[in-house]
2 protein chains.
Amino acid sequence: MELNFGTNSLDNFCSDQDGLSLKPLRCPAPFLLKTYDLLEEGSEEKDGIKIVSWNEEGNGFVVWSPAEFSELILPRYFKHNNFSSFIRQLNTYGFKKTSSKIWEFKHEKFQKGCRHMLVEINRKKCEPSVFPQYLKSCSEENAMTSSSVEESINNHEILMEENKNLKKERLELQMQIAECKALEMKLLDCLSQYMDTSQNKVRRL
Amino acid sequence: MELNFGTNSLDNFCSDQDGLSLKPLRCPAPFLLKTYDLLEEGSEEKDGIKIVSWNEEGNGFVVWSPAEFSELILPRYFKHNNFSSFIRQLNTYGFKKTSSKIWEFKHEKFQKGCRHMLVEINRKKCEPSVFPQYLKSCSEENAMTSSSVEESINNHEILMEENKNLKKERLELQMQIAECKALEMKLLDCLSQYMDTSQNKVRRL
DNA sequence: GGGAATATTCCC
DNA sequence: GGGAATATTCCC
């Protein structure tokens, strides 16, 4: 079974140590904590050969032996033993592979001795571009060489599929709009605050 | 580690048995297959006491002993040993708890001896409540019962109409988003200009 | 029970 | 590398 590393909570707020002032403190994502801890918890070795470690500069890490890493390390920290799933997560959090020769990964905010910086690493949101590719949902099935009944059923299914996709797309667009509106509010808020501040500044002078 | 049950693929299409006609066949979701198999693979017992089994009528199943079920059964089929995660999945797929006294669950399409019916069980889609749900109605009409030719034509026209409207709506939403983005740009511009201006003002004073 | 975030898988 | 579906977790 999986080890438990203190913070398993999925939300990003923790209570303060003193238990009184409940100022919301950000917690790093579980994936980041586990990956960091995995590097700190002893230089992982097998038969005297390093499996995974921080790099020389301490500003990245190297998986020296992906096979051993997947088999021995991953299942101790995650619910799987697939190297590719681990990579997928690294990408999700914006890590970059630095070399085509070795499995070295870097992220500006992922550095040896800087566990506190992990909070600044954010999961990438999937933000569709302003005009999404509605070309994708277009159905391009030509294989209707059978009787007209089948054909009609087939057409029906294609229509249903397209319909379903359109509804999904609509929802996504509506959510995008909501996000835009939220951002507008923030900007307006920011603008008005700025105006206040600088007016005061002028007044004081 | 987890057992592997034939179909682990996450997409819902399988190739035909004969390997020639590649008509897409739906595969049940992994969760459903595992839950079904878990019930078929021997009456799970511990010390002569049933842990989980089909109910009398074979139209549902009962977790007789949640503690043993979580500890012994779940990790053999899933990547966890949490009863509540299992329940969460059941809810996601539309199962209903039938009693407040025992952990019995039913789904119309989940019946003993009917593994093939699992394909008809669909995951509930999460539609955020922020927006009006005037889209919730049409999703699962497969059963064209009797003199279905006229009906099918009728349905077809309705679908076409709905489809057309959806595309129109999409365009409108995309335009709304474009406007939002433009406004955002203006606001940002305004903000930066304002900052410049007021800094200059301060400098002059 | 279900919304929503993160994790894992599969596919392009 | 990343999109998208399903799985798992956490919270209300």
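In the text below, chain A, chain B and the rest are named by the order of the sequence lines, each starting its count at 1. Every value quoted in this text rests on a predicted model; they were computed, and no experiment measured them.
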Inter-residue atom distance I51(A).CD1 - I73(A).CD1, 0.5 Å rounding: 4.5 Å
Atom-to-atom span, CG of N122(A) to C1' of dA5(C) - whole angstrom: 13 Å
Between the first and last five pairs of the helix from dG1(C)-dC12(D) to dC12(C)-dG1(D), the angle of the axes, rounded to 10 degrees: 0°
dT9(D) OP1/OP2 closer than 4.0 Å to side-chain N/O of K79(A): yes
Strand-adjacent residues in residues 85-98 of chain B, judged by heavy atoms under 4.0 Å from DNA chain D: S85(B), R88(B), Q89(B), Y93(B)
Under the side-chain contact (heavy atoms from CB on, under 4.5 Å) test, residues paired with W103(A) that sit two or more places apart: V63(A), P66(A), F83(A), I87(A), K97(A), F105(A)
Separation of atom NE2 in H80(B) from atom C1' in dA7(C), rounded to whole Å: 12 Å
Any N82(B) side-chain nitrogen or oxygen under 4.0 Å from OP1 or OP2 of dT8(D): no
Partners meeting side-chain hydrogen bond (donor to acceptor under 3.5 Å, both in side chains) with K112(B) (sequence neighbours left out): none
Centroid separation Y77(A) to F31(A) less than 6.0 Å: no
Contacts of type side-chain hydrogen bond (donor to acceptor under 3.5 Å, both in side chains), residue S65(A), not counting sequence neighbours: E68(A)
Rounded distance (Å) that lies between atom C1' of dT6(D) and atom CG of L33(B): 13 Å
Listed partners of K96(A) passing salt bridge (charged side-chain N to carboxylate O under 4.0 Å, His left out), at least two apart: none
Those residues that, when tested against R88(A), pass side-chain hydrogen bond (donor to acceptor under 3.5 Å, both in side chains) (two or more places apart): T92(A)
Nucleotide nearest R123(B) when distance is taken to its side chain, options dT8(D), dT6(D), dT6(C): dT6(D)
Distance in angstrom units between K124(A) NZ and dG1(D) P, rounded: 9 Å
Separation of dT9(D) C1' from K34(A) NZ (nearest whole Å): 10 Å
Listed partners of E104(A) passing side-chain hydrogen bond (donor to acceptor under 3.5 Å, both in side chains), at least two apart: N55(A), T98(A)
Rounded interatomic separation in angstrom, taking CZ from F78(B) and C1' from dT8(C): 15 Å
side-chain contact (heavy atoms from CB on, under 4.5 Å) involving S99(B) - partner list, sequence neighbours excluded: K101(B), I102(B)
